[in-house]
Amino acid sequence: MNIELILKEAVINAVEKLYKKTPDQKSIQIQQTRKDFEGDFTLVVFPLLRVSKKPPELTANEIGDYLKANIKQICEFNVIKGFLNLSIDKSFWISYLSSVAQKDNFGFIKNKENPKTILIEYSSPNTNKPLHLGHIRNNLLGYSVAKIIASQGDDVKKVNIVNDRGIHICKSMLAWQKWGDSVTPEISGKKGDHLVGDFYVKFDQEYKKEISILIAEGQTEEEAKQKAPLIQEAQEMLRKWEAQDSETISLWKDMNKWVLDGFDVTYKKLGVDFDKIYFESDTYKLGKKLVEEGLEKGALIKKEDGSVWADLTNEGLDQKILLRSDGTSVYMTQDLGTAHQRMTDYNAIEAIYVVGNEQIYHFQVLKIILGKLGFEWSENLHHLSYGMVELPAGKMKSREGTVVDADDLLEGMTATAEEMSRDLGKLDDFSESEKNDIIKTIGLGALKYFILKVDPKKTMTFDPKESIDFNGNTGPFIQYTYARIQSLIRKANDKNVDLPTDLNTKTKISNKELQLIKQIHTYPETLKEAAENYSPAHIANYIYDLVKEFNQFYHDHPIMSEEDKNISGFRLFLSKQVGEIIKSGMGLLGINVPDRM
RNA sequence: GGUCUCGUAGCUCAGUUGGAUAGAGCAAUAGCCUUCUAAGCUAUGGGUCGAAGGUUCGAAUCCUUCCGGGAUCACCA
C-alpha cells in the first residue's frame with residue numbers, strides 16, 4: 001500500500017470524472033512537497049491543463065476538492081500556482097511507521113519472482129604490485145553494488161579475474177632474479193605484494209637508465225625502448241613462461257603466491273570478498289575458438305595476411321583485430337573468451353564489469369562483438385566505469401612510486417581514528433580490544449564513505465596530506481549518530497521508558513518527526529534507484545540526509561524526560577527505526593556501525 | 001582530428017524521469033554542554049549552475065555551438 005500509487009490512481013479518477021478524459025501516465029506527476037510549503041505530496045498540474053482546458057489554479061482546486069472528498073488519507077490541500085499540495089493525515093504516517101518496524105529487512109526485496117543471476121566482476125588486480133587507492137575505489141564500488149543489487153532480490157555472484165601473466169609480471173620476476181638476492185617475504189619481513197612491487201619499480205628504474213644510455217649513443221627513443229637489454233630479457237622470459245619452462249614457471253608460482261597472499265590480507269582489511277577468482281593464466285587462451293566459430297558463421301573477417309578482424313564500421317567504430325597474423329590472440333580475444341566462460345559457469349544472463357573509465361571503448365567493442373557472435377546476453381553486459389583517483393599533483397603512477405598505497409592508507413585511517421578518539425576522550429573507559437575494533441570501524445568507515453559518496457563516474461582527487469574528515473558529511477558522523485541512538489535505547493531500557501510494540505496513531509507529532517517518517521518512507525525507492533543505477537552514492541547521500549534530519553530532531557526532542565508516555569514511546573520508536581535504516585544502508589555500502597563510540 | 005565524459009559557493013560534493021526561491025559539508029565568524037554521547041546543534045556570509053543560443057507554461061537538468069579539464073581511438077594488457 002504505497003501512498004504515492006494510491007494518489008496517482010486517485011488523480012486519474014479525478015481527471016476522468018472532472019474532464020471526461022483519461023490522462024496518460026506521464027502527465028501524472030506526484031512528488032514530495034518541498035519543505036518551504038505546506039503539504040506532503042505535490043501534484044504538478046501543468047501537464048493536465050491540456051485535458052482540463054482551464055487555468056492552472058482552477059484545475060488544481062477542482063482536483064484538490066475531488067481528492068479530499070474521495071481519499072480518506074488526504075486531510076487538506078492548498079494550491080500555489082500550478083502546484084497542488086496535498087496533506088496526508090498524520091495518523092497515516094504513524095501507522096506507516098509501525099508497519100515499517102514489522103518488516104525484517106525494510107526496503108529489501110525477498111523471494112523475487114524471477115530472480116536473475118547477475119555476475120559482477122571487480123578488483124581484477126595485476127600480480128606485479130600492491131593495491132593502491134584506485135583499486136580501493138574499484139573494490140568498494142564492486143562490493144557495494146553487489147550488495148545493493150542483491151538487496152533487490154537478484155542473485156549476485158562476485159568474481160575477480162586476476163591478471164597474473166604477461167610482460168609486466170616478468171618485469172618483476174626478472175628484477176628479483178637480478179637484484180633480489182633470493183629475498184622472500186619471510187626473510188625481509190615485508191608483505192609479499194609490496195616486495196614484488198618494489199622489484200617492479202626497480203625494473204623500471206634500471207630500464208630507464210638503459211634507455212637513456214642508448215639514446216645518448218644516438219638511438220631514437222623508440223628504438224632504445226625496444227632494444228634495451230632488460231626489456232629483451234623480460235620478453236625472453238615471457239617466451240619461456242609460455243613454453244612452460246620449469247624454472248620460470250616455478251619462480252612465477254612463488255612470486256605470484258607472495259602477491260596473492262598479500263592481496264588476501266588487504267581484501268580482508270577492506271572487508272571485500274568474492275564468490276570466485278579466475279586467473280588469467282588459466283583463461284588467456286580462451287576466445288580463440290569463439291573467434292574461429294565467428295569466422296565460420298561469417299560474423300568476422302579474415303585478411304590476406306591471415307589476421308582476423310571484427311568490422312565495426314556499421315556501428316560507427318573501427319575494425320578491431322582479434323587474431324594476429326601469426327594466429328595469437330589479443331586482450332580482446334581473451335575477454336570474449338572469459339566473458340563466455342563465466343556466463344556459462346553461472347548460467348547468468350547479465351553481467352557488470354567494474355572497470356575504470358579508460359576502458360570504455362574496450363567494453364563498447366566487447367559488447368558489440370559478442371552480439372555479432374550471437375550471444376543474446378551481450379545486451380545485458382554493463383560497464384560500471386568509474387573515474388580515476390588523482391593526487392593533487394596529477395595521476396598516480398605505480399612505476400614511478402607516486403601512488404597512495406592501499407595498506408598504508410588503511411593503517412593511516414585507523415591511526416587518525418585513534419588520535420581523534422583520544423583527543424575527544426571518547427574511548428577512555430574501553431578495553432584495549434574494544435577500542436581497537438572501534439577505531440578500525442571508524443577509520444574504515446571514514447575512508448569507505450569518503451569514496452562511495454561520490455558519483456562513480458567523476459574523477460576524484462585525494463590529497464594524502466589532508467586527512468579524510470571525521471566531521472560533517474562523513475562516515476564517522478553517521479556512525480556517531482547510530483551510536484547515539486543505541487545509547488538512547490540502552491538508557492531507555494535502564495530507565496524503564498518503554499519501547500511500544502504498536503504506536504498510538506493519535507499521538508501528537510511535530511513537523512520534524514513527520515519529516516523523519518516521510519524520509520523513512522523513501523528508503524525503499526532509494527534502494528531501488530541505487531540498484532538500477534549501480535550507485536552507492538545514492539544511498540550514501542540518502543543516509544546523510546536522514547541522519548542530518550535525525551540530529552536536529554534529537555537536539556530538541558527530549559525522550560527520557562518527556563512525561564507523556566505516548567510521546568516518549570513514539571520518539572524512542574522513531575529513533576530505533578532511524579537506527580535500523582542507518583545500519584541497513586551503511587551495510588549496503590559495506591560500512592559497519594558501532595554500538596558505542 | 002573523431003568518439004565519450006566531466007564543468008554547480010574559496011575547497012569537496014548533493015541536486016531523482018525537466019518543476020516552485022539551486023542545497024550540504026569543509027574552511028571563516030558568532031552562539032549552545034550541572035539535563036538522552038558537542039564526532040552534535042543553531043546563526044551569518046559566500047552562486048551570472050563554464051559561455052551563448054534554442055525547445056518549454058517552466059531548464060543546473062533536454063538540444064545545438066563554443067570554451068576548459070580528463071579518457072580513448074595498438075597486431076599492449
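So that the names make sense, note that chain A is the first sequence line, chain B the second, and so on, each numbered from 1.
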[X] side chain, from C-beta outward: closest of [options]:
X        : options             : value
A:Ile321 : B:C36, B:C26, B:A74 : B:A74
A:Pro558 : B:A38, B:C36, B:C75 : B:C36
A:His555 : B:C73, B:C41, B:A77 : B:C41
A:Ser325 : B:C26, B:C75, B:A24 : B:C75
A:Met420 : B:U12, B:C36, B:A39 : B:A39
A:Lys81  : B:U37, B:A20, B:C75 : B:A20
A:Glu358 : B:A39, B:C36, B:A71 : B:A71
A:Tyr361 : B:C73, B:U12, B:A39 : B:C73

[atom1] atoms of [N] and [M], separation to the nearest Å:
N     : M     : atom1 : answer
B:G23 : B:U42 : P     : 16 Å
B:A22 : B:C41 : C1'   : 24 Å
B:A30 : B:U17 : P     : 42 Å
B:A14 : B:U8  : C1'   : 10 Å

A:Phe279 and A:Trp252 aromatic centres sub-6.0 Å: no
A:Tyr544 ring center near A:Tyr449 ring center (under 6.0 Å): no
From A:Gln515 atom CD to A:Lys35 atom NZ, the distance as rounded to the nearest 0.5 Å: 5.0 Å
Stacked cation flag A:Arg484 on A:Tyr554, 6.0 angstrom / 45 deg: yes
What nucleic acid atoms does [X] come within less than 4.0 Å of, heavy atoms only: base, sugar-phosphate, or nothing?
X        : answer
A:Ser487 : base
A:His383 : nothing
A:Asn85  : base
A:Pro47  : base
A:Phe450 : nothing
A:Gln552 : sugar-phosphate
A:Thr328 : nothing
A:Met460 : sugar-phosphate
A:Val454 : sugar-phosphate
A:Ala537 : nothing
A:Lys495 : nothing

Any donor-acceptor N/O pair under 3.5 Å between [N] base and [X] side chain:
X        : N     : answer
A:Thr42  : B:A20 : yes
A:Thr459 : B:A71 : no
A:Asp305 : B:C75 : yes

Contact letters for nucleotides 3-10 of chain B, in which S counts primed atoms plus P, OP1 and OP2 and B counts the base, heavy atoms under 4.0 Å: ---SS---
Donor-acceptor under 3.5 Å (A:Thr33 side chain, A:Phe41 main chain): yes
Check: A:Ser329 main-chain N/O paired with A:Gln334 side-chain donor or acceptor under 3.5 Å: no
Interface residues of residues 470-479 of chain A with RNA chain B (non-hydrogen, below 4.0 angstrom): A:Phe470, A:Asn471, A:Gly472, A:Asn473, A:Phe477
Per-pair stack call A:Phe83 and B:A20, 5.5 Å, 30°: yes
Pair pattern of RNA chain B in dot-bracket, where unpaired bases get dots and | marks partners in another strand, Watson-Crick or G-U under 3.5 angstrom: (((((((..((((.....[...)))).(((((.......))))).....(((((..]....))))))))))))....
B:C62 glycosidic torsion: syn (within 90° of 0) vs anti: anti
